[in-house]
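Each remark here refers to the structure printed beneath this line.
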Amino acid sequence: MRIVIVGGVAGGMSCAARARRLDESAEIIVLERGAHVSYANCGLPYLVGGEIVDPRALLVQTPDSLRAALALDVRPGNEVIAVDSDAHLVTVRSADGLEQIAYDALVLSPGASAFVPPIPGVDSPRVRTLRTVEDAVALREIVTKGARRAVILGAGFIGIEAAEALAAQGLDVSVVELAPQPLPPVEPELAWLVSEELRALGIDLRVGIAATSIHHEPDADTVVLADGTELAADLIVMSVGVRPDTAVFEEAGVACERGAMIVDSHGRTSVPGIWAVGDATLSVDAITGARRPVALAGPANRAGRLVADDIIRPETAREIPQPVGTAIVRVGSLTAALTGANRMALDATATDFRTLHLHANQHAGYFPGASQIHLVVHIDPESGRLLGAQAVGTEGVDKRIDVLATALRAGMTVDELIDLDLAYSPPYGQAKDAVNLTGMVGENVLNGTLALWYSEDLDEVLDEALILDVRRPDEWDTGHVPGALHIPHTELRERLDEVREVAAGRPVRVMCASGVRSAIAHRVLAQAGMDSASLSGGILTLRAALGARASDVLETEGVLQGV
C-alpha cells in the first residue's frame, strides 16, 4: 500500500507515524510545501519573544530523523497542485519541476493560511503573519534590528501571544481588534480581566474598531483606524484569523462547506480513498452541533492517528470524537482558558443554559500565595449537563479547565463534580476544590436551593427590586450600587424587618464580593418568605461585566467613583 499524505505538522505527521507503526510494509510519502515538515507551531510567539532562543528547538523532527526512525519518505518543498481522484494521482511541484505520484490512500492535512484583509497598503513589507518558523524568525530579526513600534491587527490567541512577546522585547505595542474585547471567544466578564492585564503590560489596546488602511513610508508605516487614529509602526503583525487551505482539493471534487473539507466520523471525505484531518476540515461541535473548523493542534494530532487506524485497520478503528475546543493562553501574569461552548455559541443555537460564576482560591487560603481563579461555567438548566467552562487567574487555571474538559467529554452533569476525588494539599488546592465548589453551586441552582441574578440584569433589577449588599462596611466603602441597602450578612437575621420595610413588597436581590455570603443571605431571606436571589459571582463579576463603566455606575462613600 502506498499512503500519500499532503501536509505535515500535527495531523499529517501523526497519521504518518501511526500508519508506520501499524504497517511496516506500507510505502508512506509525506509531501510538505514548506521547509519544515514537523515543527511546534504553537511555540512560534515564544521564539519571537526570546523565551525560545534557538529556532531549531521548534523542529520536532526532520526528514532524516523521520526516515531513520520510521522509514518515512518525507519531502519538504513539495506542493500538491492537483489531484486526479479517478486515476489516484497527485501532481506535485518542487524545485525539480512537476511530478505525478500515485496513491492507494490519500490523506489531506493542508492546514489553514492566515487571512489577510483586502485593505489598502496591506502589501507593505512591514506587514507580517505568524504561522511558520520562517515567519517567527523574520519577526525576531526585525525586532533585533531595532524595531521599536509594533501594531497587532487582531486580538485572538495568536495576536495576544504576539503582543505579549513583542512587549517583552521592549517594543511599544498597539493591538487593534474589531470585536468589543480581546480574545473574542472568552466571556466578556473574563475578557475584561485580560484587557486590564494587557494595559498593565503597557500594551495599547483598541477594541471595537477596524484598521482601514496602511500607509507605507520609508522610515515607518502608518496604520489608519476607522476613527481616523494613526498608529506608527516599524512592524505590523496580521492576526485576524485563518482560512482553510483547500482550493486545490475542492477543485478535485472534495466536498467543502465554507472552504472547509467535509469529513465523516473516520475522517473520510466525499471522495473514496481520500481522508482529511486538521484545521482544513469541518468539525461538528460536541455541545451545540455547530459546523466549523477547529484550528487546534491537539484535535488535529489525535485525528491523524485515528485516520491511520481507519486506513490500516478499518474494522477496529475508533471514530474521531467531536471537539469541545479546549484552549489556553498566557497573558502576562494571567492564564485564560476555555472548553466547550460560550454564551455566544449557545445563544446562536438557541440552547437553553444557566451560568455559574465562582471566584475560588487556587489553593488553601491560609497557605501563602493564595489567589483567585475566576470561573464561568454554563450548564443545562434541566439536566445539569455541563455545556462549557472558562477561567482566568494567575495559577491553577490549566488544572481546573482540564478537569472540566474531561467532565465535558464524559457527559457529566454539574452535580457530579461534587464527588470528583481531586488531589489536595495546601500548596496545590483546597479540600473543596474549585471544581467541587462548581458542582455544589450548580446542584443548589438545579434543585432550587439557590436562585441567581446576573450582572447584565442590573438596570432591570434597579427598577424593579431592592438590592441588598451584605458585605462588610469597609468593602461597601470601596464601591456599591446606588440605592442599595447595606446590611452585613452577620446582622441580617436581626434586621429582617428592616429589609421588609425598605423592600416594600419588591423582590430582594442580594450581592456580596464573590457570591458566597450573598448565597447565605439568600437562604435566610427565602426561608423568611421573601422573593430573593443572589448575584452570580458578586461584585467581582459585576465590576468585570461593567468594565470601563464601573467607575460611572458604582458609588464610593456616597460619591460616584471617578468623580
Does L231 form a side chain to side chain contact (heavy atoms under 4.5 Å, CB included) with V176? I'd like the steps, not just the answer.
CA-CA 10 Å; L231 303 174; V176 179; 3.9 Å; yes
Taking the side chain as C-beta and beyond, is there a heavy-atom pair between C15 and V277 under 4.5 Å?
no
Pair I311, V107 - check side chain to side chain contact (heavy atoms under 4.5 Å, CB included), show working.
CA-CA 10 Å; I311 293 171; V107 181; 3.5 Å; yes
Step through the shown structure and confirm whether more than 12 heavy atoms of other residues, nucleotides or ligands are within 6.0 Å of [atom1] on [X].
X    : atom1 : result
R199 : CZ    : yes
R409 : CZ    : yes
D421 : CG    : no

Is there a donor-acceptor contact under 3.5 Å from the side chain of [X] to the main chain of [Y]?
X    : Y    : value
D204 : V175 : no
N447 : E443 : yes
Q390 : V392 : no
Q362 : G396 : no
S213 : P120 : no

What is the ring orientation for Y103 with H88, classed by angle as parallel under 30°, tilted 30 to 60°, or perpendicular over 60°?
parallel
Test R128 against D135 for side chain to side chain contact (heavy atoms under 4.5 Å, CB included), laying out the working first.
CA-CA 7 Å; R128 300 282 179 166; D135 289 340; over 6 Å; no
